[in-house]
Amino acid sequence: MDQTLAIETHDLTKKYNDFVAVDRLNLSIKPGELFGMLGPNGAGKTTTVLMLLGLTEPSSGTCRVFGHDPFREPLKVKSISGYLAERIGLYEDLTPEQNLRYITKLNQIPENEARRRIKDALESVGAAGYAQTKVGKLSRGMRQRVGIAGVLVKKPKVAFFDEPTQGLDPEGKNELLELLRRISKEEKTTVLLLSHMLADVQHICDRIGIMLRGKMVALGTIEELRARTKEDWVIDIEAENITPKLVHDLSSLHGVKSVDRSGNVITVRSEKDIRSAIMEFFLQNKIFPLSLRARERSLEEIYLGYLGES
Amino acid sequence: MAGTREIFIKELSDNLGSKRFWLLFFIIYALGLFMTYGAVQNLGLQRTLGEYVFLQLFVIGAQGLPSFLWVVIYLAPLLGFIFTFDTINREISSGTLGNVLSQPVHRDSVINAKFLAGVATITITLIGVIFIQVGLAIRAWSTLPTLEEIGRILIFLLLSVVYLSFWVALGLLFSVIFRREGTSALASVAVWLFFSFFVYMIASPLRSSTLLYLSPSYIFLEASYVMVNPWVRILGPVSIEKLYGMVANPLPLDQSLLLIWSHATTLIAATLIIFAISYVKFMRQEIRAI
């Protein structure tokens, strides 16, 4: 392989007594990728990250972060990776600036450089105005931002965010996700976003992995995941002069499972994407649909589909 | 070790900046100064009485008040464990430990730095109060301590640091063992009460002096008493035969040291064992819980 992968795991397994938290996980993430790891609580997402950071020892299997083994070179791996835990882990009696300063000290970043990085990090997460307020007095959303700034000051090559949107209002959530996307794109940081909320990862992640009971049950881009599910396509066609015969003929089209009509709108369910066939059918019948639109199947359903399958 | 220095500095400044520190600091310094004043008043200027007038500062209390030695034995242990009893479990419950450990630091740097910061805090406190006491006495008596006195005071100081380090380590152990800060606080106080007071209640009716040697407080009491009291020539149960022909002279420093050598090593060993247990416990703790 000519290019070092950002994250690479090979049959990574973690057992707690009889409980298998992570089960032979194979994962490769390229540098610069924004990867969303989706799964319900207790699926093994956090455990995977802890192993990647060298904080928990794998029961078997190997993992590499930019080619470094977290167990042989823990300090190396920890210095190139940033981790925002589910509990953010800021000292409440210190200000954001002091918290960040402590992190730069633990990372042996020289004082001048540290000062600049702290300022930049707090500005880029939009917490500069609260730099001197004690963390204990900050809102949940602002703490998340400071926590992210704590990851940014390290200028990590790879950053792990564990449930960063938990407990945020919808607006805060969107801003935060946008921030993560920006970090990934502008700073060229590899980002691993852990979440049990599909809405979090759906729009910003390049690739998504769905994890269930320690196993990666699905992996790919959103489109790939969609294509792989058994769910029907739902296509709405709006047209004038719809006759019962037309509806009948439409239902005999290849691949159509059902046709419903309500007023000017016909809803076709099919196994595959048959939009072109439908379009042709209408044109043959000299009807020009006002609109033809495939309903975007929400990934939520797909995700729930995976959850239901297991 | 990577990170030890940075964590040590943070812990030390946390310790010195905390309210609990200033509360105990104030009590200990107030008692120390008051006792010195009382001792100076009581002793008057009696440099001619004996050569060890500066040592008496620590064993003679002011009117009805206990001596400074008493303060170090019974009260100062609070200063030892008050910083450490929640130092690990609080960081676990607030999630800050996870954050620190995901930085490029070794895991044992955390516990080493916390222990050292506790020891540094008590050392600073003790040096401060003892130096002030000696300084006040120098002023009051217009005389300087002899070399022997200085030596004995320094060894007393060293013993005190070791003794209080035991309590630092004990608090640390409880903070590693117990998840809840309240539990570890109660456990620390319980051990402190037992070793400081209850052990005498059990030992004296049983007439068992060996039982007393289970208590670090008692071991320290004997050792430091020998150090600040050169007239003590013998420790433990004494037979008439032993006393026969004994000269009632003060012992030279090296002989006093010989007398307490086992005490000092016991205290050091106990401290190290307690610290080692908490070290191992901490290193083996599953990080998932952190």
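From a predicted model like this one, the values you see are computed outputs, not experimental measurements.
- Residue contact with chain A, scored on non-hydrogen atoms closer than 4.5 Å, involves the backbone and the side chain of B:S102 alike.
- For the atom pair CG (A:L84) and CG (B:N99), the distance works out to 8.0 Å, reported to the nearest 0.5 Å.
- Contact of the A:Y83 side chain with the B:Q103 side chain is not registered, since no non-hydrogen atoms from C-beta on lie closer than 4.5 Å.
- Contact of A:L94 with chain B is made through the side chain alone, with heavy-atom distances under 4.5 Å.
- Interface residues of residues 101-138 of chain A toward chain B, defined by a heavy-atom distance below 4.5 Å and sorted by number: A:Y102, A:I103, A:K105, A:L106, A:N107, A:Q108.
- Other residues, nucleotides and ligands contribute at most 12 non-hydrogen atoms within 6.0 Å of the CZ atom of A:R24.
- Within residues 69-78 of chain A, the residues having any heavy atom closer than 4.5 Å to a heavy atom of chain B are A:L75, A:K78, listed by residue number.
- Scanning both residues, B:P104 and A:K154, for their nearest heavy atoms gives CD-NZ, 4.3 Å.
- If you measure heavy-atom distances from B:I7 to chain A, the contacts under 4.5 Å come from both the backbone and the side chain.
- Within 6.0 Å of atom CZ in B:R5, 12 or fewer heavy atoms from other residues, nucleotides or ligands are found, so the atom counts as exposed in its surroundings.
- Between the side chain of A:R87 and the backbone N or O of B:I92, at least one donor-acceptor pair lies under 3.5 Å.
- Within 6.0 Å of the CZ atom in B:R180, the count of heavy atoms belonging to other residues, nucleotides or ligands does not exceed 12.
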